[in-house]
Amino acid sequence: MKANLAELRTSLLEFCIRLFTIIKMFTWAQPIVTYFKYYKELEENMRNLKTIFEGLYIKKEDIEQRLHAKQIPEHEQEAKEWLKEIEKVISEIYSIEQKLGEKKHLSRVCLGKHVDEKTSKVKELIHKGSLYESPEKFFKYIILGGGVSAGYAAREFTREGLQRGELAIISKEPVAPYERPALSKAYLSPKSPSRLPGFHVCVGSGGQRLLPEWYRENGISLFLNTEIVNADLSLKALTTSSGTIFKYETLVIATGSTTMKLTDFGVEETDAKNIFYLREIGDAEKLVEGIRSTRKGKAVIVGGGYIGLEVGAALRINNLDVTMVYPEAWCMRRLFTSEIATFYESYYTNKGIKIVKGTSAIGFNAKSSNGEVKGVRLKDGKVLQADIVVVGIGGRPLTSLFKGQVEEDKGGIKTDEFFRTSFFDVYAIGDVATFPMKMYNEMRRVEHVDHARKSAEQAVKAIKASERGVSIEEYDYLPFFYSRVFDLSWKFYGDNVGETVLFGDPDPLSKEPKFGSYWIQSGKVKGAFLEGGSNEENEAIAKVARLQPTVVDMEELSKEGLSYALKI
């Protein structure tokens, strides 16, 4: 009975979407479309309004301080009137929040309309407030970037002791720091999809969810939708696209990575409406809309790495006809062995996903009248029909602002074991940092959320320890990577170097597959991989990768398999 009801709801939703699409074609129906959006997107738009309002609140505090210090005499009365308008908006937003629980359809439409109006008003006030705020701002600490690292660094600052007004986060994104991995997983789910504020940091590691108001409550200034176009480290100054200058005592660079584009490889026609990349929440929103408008259509995934595998699974769950294409001999070439990859490729094939290996996308068929490409041209001459294209071909660290100012290594900003750069008062964390990997006695750069979190915490501890004149332990990171797709979940710890020993049952037809691999170099275990492990089993392979025990007989190790790790 429950299954039938679920199917009925799904069919009804698909019907409404189709009807909604048809209605949009008629000019006379635009008011209906607008009211439907008010009703359907009320909660999401309210969250967006509150996020935008946090930016207004920061301006409010700044201008109140300037008025108190009599720094804007020529606009004093106007600024006071502006503050009165803000108080009125605060009251109106609070009133809307109080009524959000109402279920009446017309009430929701009215509230949706009010939210839309208040969003426009807040944006107007933000723009107007720029006339009265200081063109130069100073903070003791500035975190540049608004991703995972920024959120975890902010939390660590509050733990280590932070005075109100000492810390600012500057981010190009329109929302407070969030757990980026959710974008390629739960965000794309057709059933109970994850949405903000559900995955703001620091929930990814089991911590408190830091909502936008958390930053304000802790005296942290959160500058969203703010782009830095120039960084002068010698002057300790960051300049925004609007001309505002931020000065600091200590800077934490957390700019992360940007997606590599097909245009980087000479592929043209990549500006079509149905070609998507996935890095930020805005990308994910566009992709979700693309999925909704392409029910049971054909999807082509370009790339066989993290994004390719995770988005490919998500699109298949959304009932799209999925084809994955990548130039490597097998998926996740940088981490998986061919034996491990064979399992996942077979599993995907059994789920109905077609895999094309050993070739790459070189272009697209002509755009249709609505600005969408119709197919993906491959290097081997084949053409894959496509209603939607998702490109996941890697990323590169965002370091251009600091070129020629800090020492670089292996594509990132070179740091010490405390994430201090060649500038004494500048730190770099997350994807952009190339740091000493103590376990392997070499410099490395790691692009993964686990390192983003831990490097942020280490850097802030080091900053505060330096101020107190005390020392802390060096960063001793154990490389860790993971992924979840369909009903699968794998984890990897350590280094994937040397010979490999496969163990367990890598049968893609198993109901609950569980298998793994050890990497052996110079007679020692260097890395360990496990699919389908429990918490205890995953902790065991992590311990093995950390301790690097000696292996005497590799054939015996294969027989022992997971039990070898459990007894260490």
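- The distance between the ring centers of F480 and Y493 falls below 6.0 angstrom.
- The side-chain tip of R216 does not point at the ring of W214 from less than 6.0 angstrom away and within 45° of straight on.
- The residue from L167, I143, L210, I58 that alone fulfils the side chain to side chain contact (heavy atoms under 4.5 Å, CB included) condition with I220 is L167.
- Judged purely by atom type and a 3.5 angstrom limit, D232 uses its side chain to pair as donor or acceptor with the backbone of S234.
- Considering every non-hydrogen atom in both K59 and S130, the closest pair reads NZ-OG, 3.3 Å.
- The side-chain heavy atoms of V551 and P549, taken from C-beta on, include no pair separated by under 4.5 Å.
- Put simply, the side chain of T255 does not reach to within 4.5 Å of the side chain of P397, judged on heavy atoms.
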Go through it in stages, so that I can follow the logic: the residues are Y477 and Q458, the test is side-chain hydrogen bond (donor to acceptor under 3.5 Å, both in side chains), and I'd like the CA-CA distance, side-chain angles, deciding distance and then a yes or no. CA-CA 10 Å; Y477 184 67; Q458 172 76 356; over 6 Å; no

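- T244 places a side-chain heavy atom less than 4.5 Å from the side chain of K137.
- Annotation: side-chain hydrogen bond (donor to acceptor under 3.5 Å, both in side chains) contacts of K524 (sequence neighbours excluded): T550.
- F481 has its ring centre less than 6.0 Å from the ring centre of H448.
- More than 12 heavy atoms of other shown residues, nucleotides or ligands fall within 6.0 angstrom of atom CG in D271.
- Ring centers of Y482 and W490: at least 6.0 Å apart, outside the cut-off.
- Residue E408 is tested with K403, K414, R445 for a salt bridge (charged side-chain N to carboxylate O under 4.0 Å, His left out); the sole match is K403.
- Looking at F435 and S455, their side chains never come closer than 4.5 Å, going by heavy atoms from C-beta outward.
- Ion pairing between a basic and an acidic side chain is recognised when a charged N comes within 4.0 Å of a carboxylate O; R66 and D62 show no such pairing.
- Among residues two or more places apart in sequence or in another chain, the side-chain hydrogen bond (donor to acceptor under 3.5 Å, both in side chains) test is passed with E217 by none.
- Under the 3.5 Å distance criterion, the side-chain polar atoms of R484 are left unmatched by any main-chain donor or acceptor of K185.
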Side chains of residues 416-426: which donor-acceptor partners sit under 3.5 Å, not counting sequence neighbours?
residue: D416; atom: OD1; partner: F418; partner atom: N; Å: 2.8
residue: D416; atom: OD1; partner: F419; partner atom: N; Å: 3.0
residue: D416; atom: OD1; partner: R420; partner atom: N; Å: 2.9
residue: R420; atom: NE; partner: F424; partner atom: O; Å: 2.9
residue: R420; atom: NE; partner: Y427; partner atom: OH; Å: 3.4
residue: R420; atom: NH2; partner: Y427; partner atom: OH; Å: 2.7
residue: T421; atom: OG1; partner: F423; partner atom: N; Å: 3.1
residue: T421; atom: OG1; partner: F423; partner atom: O; Å: 3.2
residue: T421; atom: OG1; partner: V426; partner atom: O; Å: 2.9
residue: S422; atom: OG; partner: E407; partner atom: N; Å: 2.9
residue: D425; atom: OD2; partner: K236; partner atom: NZ; Å: 2.7

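- For K60 and Y57, the positive end sits near the middle of the six-membered ring, less than 6.0 Å away and at most 45° from its axis.
- Donor-acceptor pairing under 3.5 Å is recorded for the side chains of E531 and Y344.
- Using a 4.5 Å cut-off on side-chain heavy atoms (C-beta onward), I413 and T434 make no contact.
- A 4.5 Å side-chain heavy-atom check between K357 and C331 finds every atom pair outside the cut-off.
- The closest side-chain donor-acceptor pair between K461 and Y475, if any, does not fall under 3.5 angstrom.
- A heavy-atom distance below 4.5 Å is found between the side chains of V311 and I301.
- Under the 6.0 Å distance and 45° angle rule, K261 counts as a cation-pi partner of Y277.
- Stacking of R195 on the aromatic ring of Y187 is recorded, both the 6.0 Å distance cut-off and the 45° axial limit being met.
- Contact annotation: the side chain of F138 approaches that of E249 to within less than 4.5 Å [non-hydrogen atoms, C-beta and beyond].
- With ring centers used as reference points, F336 lies under 6.0 Å from F529.
- Side chain of T158 to backbone of R155: a donor-acceptor contact under 3.5 angstrom is found.
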